[in-house]
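We count ligands from 1, going down the list as the structure has it; atoms in each ligand are counted the same way. As a basis for the values below, the full set of heavy atoms in this structure was taken, side chains included, without hydrogen atoms, waters or symmetry mates.
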Amino acid sequence: MDDMFGNVPRAEVDWYPHWLSPDEAAVALSALVDEVLWKQDLIRTPGGIKPLPRLTAWQGDPGAVYIYSGIRNEPHAWTPTVHAVKSLAETTCAAHFNSVLLNRYRSGEDSMGWHADREPELGPQPVIASVSLGVARRFDLRHNQTGQLRAFELTSGSLLVMRGSTQQEWRHRIAKVPGLRGERINLTFRFVTAREPAG
Ligand SMILES: O=C(O)CCC(=O)C(=O)O
Ligand SMILES: [Fe+2]
């Protein structure tokens, strides 16, 4: 928050650049390519229906349903590598996660636009643990009011944790990097509660 002394806003982010060793990260990356059921979602845009610029998967405890960009994500059961990484992340973050969104960026052409993880099932101050494997990509954070920017180079094996009011006050993205080759897999662990039924 901006305070009365004019200090710049600070995102509540914990950053562990060497959370996994390079070897551990490489082993996890190739295991995830094989064990996860990757899907290509479609999104409605002003220009028509388009493929999402990345592959995704959603795993979690039974009932951990998550709706974003109009896509209803029923969780698949935890696969072994994802579950092992989740347990490690829970220890580091002192938090419990019941689900994970996996994002697979096939090259620098894949991306994720500016957004905040503000869906109602996440609650107002979610802890979101983001693990990166593979080719490093830049993660930008932009403050909603001041436009202040912070950037992290999300190297393989790193862990970035967003907490507190980060989702209320900031947006984040993974920008395209034209010409960049090589894959990156990102796992964002979350705790979701069931949405109230409409009506
Ligand atoms: O790929 C990343 O590091 C960002 C993922 C993300 O923001 C999300 O899944 O909500
Ligand atoms: Fe996000």
Undergrad: Can you list the protein N, O or S atoms less than 2.8 Å from the Fe ion (ligand 2)?
TA: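 His115 NE2, Asp117 OD2, His172 NE2, with waters left out.
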Undergrad: Between Gln167 (side chain only) and Pro126 (backbone N and O only), is there a donor and an acceptor less than 3.5 Å apart?
TA: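 Looks like no, no N/O pair under 3.5 Å.
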Undergrad: Ignoring hydrogens and geometry beyond distance, is a side-chain donor-acceptor pair present between Asn186 and Asn103 at under 3.5 Å?
TA: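 Yes, side-chain donor-acceptor contact under 3.5 Å.
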Undergrad: Does either side chain, that of Ser111 or that of Arg173, offer a donor lying less than 3.5 Å from an acceptor on the other one?
TA: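 The answer is no; no qualifying pair exists.
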Undergrad: Between Trp170 and His143, what is the ring plane arrangement, given parallel below 30°, perpendicular above 60°, and tilted in between?
TA: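 Judged by the thresholds at 30° and 60°, the geometry between Trp170 and His143 is perpendicular.
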Undergrad: Is the shortest side-chain heavy-atom distance between Tyr105 and Val135 below 4.5 Å?
TA: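 No; the side chains remain at least 4.5 Å from each other.
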Undergrad: Check Arg138 with Asp140, please: is the shortest side-chain N to carboxylate O separation under 4.0 Å?
TA: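 Here Asp140 pairs with Arg138 in a salt bridge, since their nearest N and O are under 4.0 Å apart.
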Undergrad: Can you find a side-chain donor-acceptor pair between Thr188 and Arg190 that sits under 3.5 Å?
TA: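 Short answer, yes.
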Undergrad: Check ligand 1 against the protein and report each N/O to N/O distance under 3.5 Å, formatted as atom name, atom name, distance.
TA:
{"unit_1": "ligand 1", "atom_1": "1 (O)", "unit_2": "Tyr105", "atom_2": "OH", "d": "2.6"}
{"unit_1": "ligand 1", "atom_1": "1 (O)", "unit_2": "Arg184", "atom_2": "NH1", "d": "2.9"}
{"unit_1": "ligand 1", "atom_1": "1 (O)", "unit_2": "Asn186", "atom_2": "OD1", "d": "3.4"}
{"unit_1": "ligand 1", "atom_1": "3 (O)", "unit_2": "Arg184", "atom_2": "NH2", "d": "2.8"}
{"unit_1": "ligand 1", "atom_1": "3 (O)", "unit_2": "Asn186", "atom_2": "ND2", "d": "3.2"}
{"unit_1": "ligand 1", "atom_1": "7 (O)", "unit_2": "His115", "atom_2": "NE2", "d": "3.2"}
{"unit_1": "ligand 1", "atom_1": "7 (O)", "unit_2": "His172", "atom_2": "NE2", "d": "3.1"}
{"unit_1": "ligand 1", "atom_1": "9 (O)", "unit_2": "Asn103", "atom_2": "ND2", "d": "3.0"}
{"unit_1": "ligand 1", "atom_1": "9 (O)", "unit_2": "Thr188", "atom_2": "OG1", "d": "3.4"}
{"unit_1": "ligand 1", "atom_1": "9 (O)", "unit_2": "Arg190", "atom_2": "NH2", "d": "3.2"}
{"unit_1": "ligand 1", "atom_1": "10 (O)", "unit_2": "His115", "atom_2": "NE2", "d": "3.2"}
{"unit_1": "ligand 1", "atom_1": "10 (O)", "unit_2": "Asp117", "atom_2": "OD1", "d": "3.0"}
{"unit_1": "ligand 1", "atom_1": "10 (O)", "unit_2": "Asp117", "atom_2": "OD2", "d": "3.4"}
{"unit_1": "ligand 1", "atom_1": "10 (O)", "unit_2": "Arg190", "atom_2": "NH2", "d": "3.0"}

Undergrad: More than 12 non-hydrogen atoms from neighbouring residues, nucleotides or ligands closer than 6.0 Å to NE2 on His18, yes or no?
TA: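 No.
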Undergrad: Give me the ring orientation class for His83 and Trp78: parallel if the planes are under 30° apart, tilted from 30 to 60°, perpendicular past 60°.
TA: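 Taking Trp78 first and then His83, their aromatic rings stand perpendicular (interplane angle over 60°).
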